[in-house]
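Only one structure is covered here, and it is reproduced in the block below.
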There are 2 protein chains.
Amino acid sequence: MGRVKLKIKRLESYSNRQVTYSKRRTGILKKAKELSILCDIHIILLMFSPTGKPTLFHGERSSIEEVIAKFAQLTPQERAKRKLESLEALRKPSRNWTMI
Amino acid sequence: MGRVKLKIKRLESYSNRQVTYSKRRTGILKKAKELSILCDIHIILLMFSPTGKPTLFHGERSSIEEVIAKFAQLTPQERAKRKLESLEALRKPSRNWTMI
DNA sequence: AGCCCTATCTATAAGTA
DNA sequence: TTACTTATAGATAGGGC
């Protein structure tokens, strides 16, 4: 969608990967938000920049735990039992996150 | 991106939400795949159709467990210890999933 | 319920300052 | 580099089968 048609393969230049990530991150986040609103659905988008910085998007209706539990088709009982223990770390503050 | 500019709000009609979901799902999956390849990054996209059918995309380099563990900044040791127990259900077969 | 079409809107690759 | 611009490629809303 630019001046030139890109081949979809790993960009050679690191700085190019950063610039492209930055631009496309904005775009895909917008798409995820629009989709979640228009169609009233649960959605999770989790991605890492080339430098390793994570971005998490989830719809307004749901936390990441809820969506993943839904995906795993856990019953509420199972969910409570397991407590989605491994995901609790996601709630720890003071991380280099972008949470949306 | 169509004949008319859509207002980004919940679509009134259920059938319309389904149709729009189907179209935009294709689009956002393509974006996720392109981003993961171009920028050589980890990414997870998990979404549910209006009927509740889940779709999971993850880059070729990583499983959902790996990406989420990375996000949670678990060490390999922690990861092994916890075994990401709650996510094991994701591996169960014969679900109504689209895994990509 | 899909699957094509295409006018129209949107994202973005390079370019520019 | 940090934005901003814009020509162009890409996504999609509504319509037709």
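All figures in this text were calculated on a predicted structure; none of them were measured in a lab. Every chain is numbered from 1 and lettered A, B, ... according to where its sequence line falls, protein lines coming before strand lines. FYI, side chains are in, hydrogens and waters are out, and symmetry mates aren't considered; it's all heavy atoms of this structure.
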Taking ILVMFWY side chains as joined if any heavy atoms are under 4.5 angstrom apart, and letting links pass through other members, which residues group with [X]?
X: A:Ile37; answer: A:Leu38, B:Leu6, B:Ile8, B:Leu11
X: B:Val19; answer: none
X: A:Met1; answer: none

Self-check item: salt bridge (charged side-chain N to carboxylate O under 4.0 Å, His left out): pairs with one or both residues in residues 40-49 of chain B, sequence neighbours excluded
Solution: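 Sorted pair list: A:Arg10-B:Asp40, B:Asp40-B:Arg61.
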Quiz item: Quick one: salt bridge (charged side-chain N to carboxylate O under 4.0 Å, His left out) pairs with a partner in residues 25-35 of chain B, sequence neighbours left out?
Solution: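 The answer is A:Arg24-B:Glu34.
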Quiz item: Taking DNA chain D as the partner, which of residues 7-26 of chain B come within under 4.0 angstrom of it by heavy atom?
Solution: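 Heavy-atom contacts with DNA chain D come from B:Thr20, B:Lys23, B:Arg24.
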Exercise. Quick one: list whatever passes side chain to side chain contact (heavy atoms under 4.5 Å, CB included) with B:Ser22, sequence neighbours left out.
Key: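 By the side chain to side chain contact (heavy atoms under 4.5 Å, CB included) rule, B:Ser22 matches no residue at all.
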Quiz item: What residues form a side chain to side chain contact (heavy atoms under 4.5 Å, CB included) with A:Lys9, not counting sequence neighbours?
Solution: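 For A:Lys9, the residues satisfying side chain to side chain contact (heavy atoms under 4.5 Å, CB included) (neighbours in sequence not counted) are A:Lys7, A:Glu12.
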Quiz item: Going 5' to 3' on DNA chain D, which nucleotide is the first and which the last to come under 4.0 Å of a heavy atom in chain B?
Solution: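 Listed 5' to 3', the contact boundaries are D:dG10 to D:dG14.
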Practice problem: On DNA chain C, check which nucleotide each of B:Leu38 and B:Val4 is closest to and give me the residue with the more 5' one. | Solution: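 Closest to the 5' end, via its nearest nucleotide, is B:Val4.
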Self-check item: Interatomic spacing from CD1 in B:Ile44 to CG in A:Leu45 - rounded to 0.5 Å
Solution: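 So the gap between those two atoms works out to 9.5 Å.
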Quiz item: Any side-chain heavy-atom pair from A:Leu29 and A:Met47 closer than 4.5 angstrom?
Solution: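 Yes - at least one pair of side-chain heavy atoms lies under 4.5 Å apart.
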Quiz prompt | Set of side chain to side chain donor-acceptor pair (under 3.5 Å) partners for B:Thr51, sequence neighbours left out | solution =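 For B:Thr51, the residues satisfying side chain to side chain donor-acceptor pair (under 3.5 Å) (neighbours in sequence not counted) are B:Ser49.
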Quiz prompt | Contact interval (first through last nucleotide) of DNA chain C with protein chain A, 4.0 Å heavy-atom | solution =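 Answer, 5' to 3': C:dA11 to C:dA14.
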